[in-house]
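Report on the structure given below.
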Amino acid sequence: MLAQQIVNGLMLGAIYMLMAVAFTLAIGVLNFLNFSLPGLFMLGGMVAYGFIKLGWPTVFAFSAALAAAALVSLLVERFAYRPMQGGDPEVPLVSSLGFLVLLENLMLIYFGSDQQAFPALVPDLNFRFGGLVIGIAQLGSLVLSVLLVLWLSWFLNSTATGRCIRTVAENRDTAVLMGVDTGRLVPMLFIASALLAAVAGLLFAVNYQQVSPFMGEGVGFKGVAAMIVGGMGSIWGAVLGGLLIGLAEVLSISFIGADVVNITVYGLLLLILIVRPQGLIGRPATREKL
Amino acid sequence: MTAALSLKGITKSFAGVHAIQNLSFEVPKGVTTALIGPNGAGKTTVFNLVSGVYGVDAGTVTVNGVDVTHMPSRKRITTGIARSFQNIRLMSHLTVLENMLVGQHVRNSSLGALLTPYRLFPNHRWKVQAREALAESGLEEWADETVGALPYGVRKRIDLVRATLAGASLLMLDEPAAGLNPSETNALRDHLRTLMAKGITLLVVEHDMHFVDSICQNVVVLNFGEKIAEGPLSQVRQDPKVREAYIGSEEA
Amino acid sequence: MSGYLTGVLVVLAFNVMAAYAVYLPLAAGQLNLGIAGFMAIGAYASAFLTNEYQWSMWAAIPVGSALAGLTGLLIGIPVLRTHGIYLAMATFALGQVISAVFLNLEVVGGAAGYPVTDYVGPYGVFAAAIGVVLLMLYLSRTRFALYLTAVKSDATVADLMGISVRGIQVAAFALGAAVAGFGGAFYAHHYNFVEAQHFNVLLSVFTVLYVLFGGTQTVWGPLVGAAFFTLAPELLRASDQWRYALFAIFIIVFMAMRPQGLVTTSLLRFTRRRTATESEEAA
Amino acid sequence: MALLDVSGISVSYGRVNALKDVSLQVKEGEIVTVLGANGAGKSTLLKAILGAVPLKSGGITFADRDMSRAAPHKRIGEGLVLVPEGRRILISLTVEENLLLGAHMRRDSAAIGRELEAIYARFSNLAARRNMLASCLSGGEQQMLAIGRAMMAKPRLMMLDEPSLGLSPLFVQKLFELIRELNHEGLAVLLVEQNTGKALSVAHHATVLELGRVTMAGDPKTLADDPRLQAAYLGAGEDAPA
């Protein structure tokens with residue numbers, strides 16, 4: 001039924017939304033399409049799974065997962081982003097893909113390639129509104145991701161650090177002349193986007209109760225698609241794009257079939273890029289000055 | 001006789017700020033003209049409007065009698081106009097000779113030319129011609145060097161030679177003498193005089209007034225995107241508006 | 001030649017063809033992250049023609065390649081209006097859509113895969129790869145290659161010099177797509193089986209890796225990159241996962257130290273000069 | 001002891017030497033101007049003093065601290081600020097956000113609020129547009145915003161890079177009045193200008209750069225009458241009336 005599918009679509013969309021916002025922070029501020037983020041998403045789910053299996057309390061396992069993602073993200077900054085400044089834009093992209101491949105294979109060596117069952121952490125409680133069934137984990141995740149994005153938006157708009165970040169996004173040279181300490185701010189942004197991706201990974205694990213070394217690819221790439229559909233560099237674009245892609249995926253699965261997901265989702269992306277490359281919310285680029 | 005370049009009522013604004021306002025002037029054939037004015041007066045913008053990097057908001061641009069106002073930037077070079085760049089825009093991964101071959105494109109643009117394996121023939125016609133042009137400017141020793149690593153003065157000359165290779169009758173040079181040492185400036189002056197002797201018309205943006213004085217017959221002065229004076233430099237220099245624009249009034 | 005060595009060299013030949021398909025547009029500054037999609041078009045189209053219409057594969061392979069090139073042309077015209085990351089994402093999406101379409105196309109077997117009747121042996125594949133390399137060497141001697149670099153280096157100035165930047169970009173993109181389709185068509189007829197899952201994102205991405213690793217400044221870069229990536233893992237006697245993990249570390253460290261790639265113009269010039277001096281001294 | 005002491009600095013971009021052995025001093029409460037034609041290295045000098053381009057040799061001392069290797073944010077934190085060439089207003093931020101950006105390193109929010117109001121009182125045009133995007137300001141208003149933004153960092157020395165660029169004569173007039181006013185309130189100023197006459201009229205000391213070297217320095221009144229100065233701009237000074 002449609003209303004139920006819309007709820008499910010919004011839930012999946014919330015995860016894409018977090019990923020899209022993570023990508024937006026990297027690309028909007030640092031001009032870096034950071035393909036290690038799907039790996040950090042996976043790391044969030046897998047590390048938490050590993051520690052829970054070892055018998056750690058959930059809170060510690062989750063914290064360890066977030067810390068691991070942040071730490072790896074700092075390595076990405078150091079080895080994929082920092083050395084490439086001023087070079088061809090595709091080089092850091094490829095190095096960050098190297099990190100994705102590395103993380104996936106390290107997890108593969110440790111856990112094997114099978115899907116692992118993530119324990120049910122939230123009591124299996126459902127709310128019913130008429131015919132709608134909403135799981136408590138589902139609702140909690142949706143609320144948490146919306147709150148995260150709202151907080152981030154507030155942070156960027158209303159704090160001194162947020163203004164510095166927006167200054168770097170608009171013009172990095174000007175930011176340096178204004179005394180913005182990019183040496184501190186850039187690693188901070190890498191940590192922030194890693195945490196967003198890892199939280200998305202945790203929410204995914206809790207909701208769908210499964211993790212695997214390759215769980216980041218599909219979700220991560222759809223996060224990129226969501227960011228572009230909404231409009232690169234805009235948080236609200238990422239939100240809109242994430243929800244749209246989530247809905248498109250769930251609705252096409254339930255009304256057409258699982259095999260066509262890539263056609264609808266990436267077809268939508270391709271269409272947007274041809275018709276309106278700047279995305280639904282976004283400004284077109286202007287021609288350079290001589 | 002048609003002018004090499006004629007601007008009529010050109011207006012351009014960026015984000016609401018007027019960059020060029022109702023600007024009109026002519027560059028007659030064979031009259032070396034300088035476009036001068038304080039920083040930010042809009043000189044480079046004029047070059048960008050003429051070469052088509054930006055479209056004008058109003059007015060017409062005519063090159064050698066051809067109205068190019070609405071012509072795409074790529075086609076304008078076919079009307080006989082070529083330019084150099086203020087910040088030396090050479091293809092830094094290519095060699096000097098290869099940059100020259102790119103500069104020749106407009107005269108050698110057929111599909112056959114595109115697919116001829118010219119690199120297999122050491123004495124290919126177009127290569128010989130490019131080498132000759134380099135030799136004329138004393139640059140032949142650099143021909144096979146990658147441009148990126150060359151000294152500033154050399155790159156500046158390469159930028160100029162590349163512009164001449166389009167076979168244009170009107171050359172627009174954006175600060176050709178900027179950053180050159182005195183002997184390089186003298187060499188440049190000689191080079192430009194050779195071009196003038198070949199019948200090429202020059203329009204020059206330049207800050208070095210000695211240099212302008214030594215080659216230009218006519219001077220157009222811009223300030224705030226408007227023409228404030230025009231005439232020979234010796235006359236323009238006396239103009240109170242020009243002095244105000246450059247030196248500023250002394251009473252605060 | 002032992003069966004093992006032949007098998008490795010065949011993989012190398014396919015990787016070389018894919019690498020040049022990525023290299024052509026990349027030399028003009030356009031990152032194609034959907035090369036696997038164009039390989040799929042060449043593979044499926046040529047297989048379909050030999051299977052269903054009993055075409056000779058020597059006719060079907062070029063037609064498959066041409067169809068991939070045509071798709072590149074038709075898609076390239078609208079997509080190449082975008083730049084940089086937008087273009088990379090558009091090609092990425094395109095690759096995903098193409099392989100998803102084949103996955104759902106029942107006339108070519110859908111998800112079950114598509115067996116191919118005609119067979120081309122290893123020497124045929126080698127000849128195809130050598131043909132592609134020769135074509136690239138030829139192109140690298142022409143103004144077309146010069147303009148690719150010019151467009152990448154400074155599109156605005158190239159435009160002002162009268163070069164049709166869009167034309168050059170679309171041509172490079174479509175030609176790259178045709179080369180990918182050519183490789184894909186040989187792939188189908190060598191392995192006698194095509195499945196859409198093979199033409200996935202990782203294939204596209206790894207191909208881009210070879211090319212950037214080898215370096216895009218010279219025509220030799222993709223060849224060296226593909227050779228290294230195909231042969232080096234064979235020498236690493238480790239499990240697949242360790243192999244990939246070590247490889248990923250190697251890529252990260254290498255790109256951080258030498259972002260311009262292994263083979264560069266200055267490297268070539270340096271060795272050429274060295275050999276020239278040495279032969280003079282010998283004489 | 002001077003507030004700012006630049007001693008023998010050299011800066012190069014790749015192989016090009018942009019500054020060669022440049023020295024100058026700014027004392028407390030002083031306006032010093034740096035003059036020179038396009039490409040003489042004036043902007044590079046200011047960026048080097050701020051720390052945005054590295055020194056090849058020489059040293060910079062500000063308020064008795066060696067700043068030769070300090071990052072820009074350290075120097076700005078000490079009260080050494082730059083109003084950059086072309087104003088560099090952030091157009092995706094509002095007017096007020098641009099001003100607050102200037103104070104981003106300070107934690108004394110009450111004082112920041114007071115100074116914000118003081119700036120609005122001084123520039124009523126900015127007050128009226130405080131919540132609008134900075135892109136809607138005119139050129140002159142943008143210059144006021146750039147100076148206001150620099151003031152929000154509580155500067156002891158303000159460096160201005162070609163502040164009169166692209167401004168109408170009326171606004172240039174206002175701008176120099178403002179510079180003089182700020183100086184009377186105790187701010188030291190290092191001013192780079194193309195508008196030589198104006199700059200010399202407000203300065204206590206002047207330095208002329210040519211091709212990255214100091215060629216003249218001294219009292220502005222004496223320099224103003226020096227024919228060599230005119231020659232540096234308009235060429236052939238002999239036939240022009242002084």
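All values reported here derive from a predicted model rather than from experimental measurement. In the text below, chain A, chain B and the rest are named by the order of the sequence lines, each starting its count at 1.
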Does any N or O in the side chain of R143(C) come within less than 3.5 Å of the main-chain N or O of Y118(B), such that one atom is a donor and the other an acceptor? no

From the list T156(C), D154(C), V157(C), side chain to side chain contact (heavy atoms under 4.5 Å, CB included) partner of F85(B) resolves to V157(C)

Heavy atoms of S92(B) and S153(C) approach each other most closely as N-OG, 3.5 Å

Once you round to the nearest 0.5 Å, how far does CD1 of I81(B) lie from CG of L160(C)? 10.5 Å

Hey, could you give me the CG/CD distance between L94(B) and Q217(C), rounded to the nearest 0.5 Å? 10.0 Å

N/O donor-acceptor pairs under 3.5 Å from side chains in residues 161-186 of chain C, not counting sequence neighbours:
residue: S164(C); atom: OG; partner: G167(C); partner atom: N; Å: 3.1
residue: R166(C); atom: NH2; partner: I77(C); partner atom: O; Å: 2.5

Interchain contact, T146(B) with chain C, by part (heavy-atom threshold 4.5 Å): both

Pick from A163(B), A166(B), P117(B): which one has the most heavy-atom pairs with chain C under 4.5 Å? P117(B)

With F25(B) via ring pair (Phe, Tyr, Trp, His ring centres under 6.0 Å) - residues at least two apart: none

Just verifying a value: how many Å separate L101(B) CG and Y147(C) OH, rounded to the nearest 0.5 Å? 7.5 Å

Can you tell me how far apart NE2 (H93(B)) and OG1 (T264(C)) are? Round to the nearest 0.5 Å. 10.0 Å

Pairwise distance NE2(H105(B)) to CG(L146(C)) - rounded to 0.5 angstrom: 11.0 Å

Residue among T78(B), N108(B), L165(B), N99(B) with most heavy-atom pairs under 4.5 Å to chain C: N108(B)

Test item: L120(B) and Y138(C) side chains (from C-beta on) under 4.5 Å apart, heavy atoms: no

Side chain / backbone / both / neither for A158(C) at chain B, heavy atoms under 4.5 Å: both

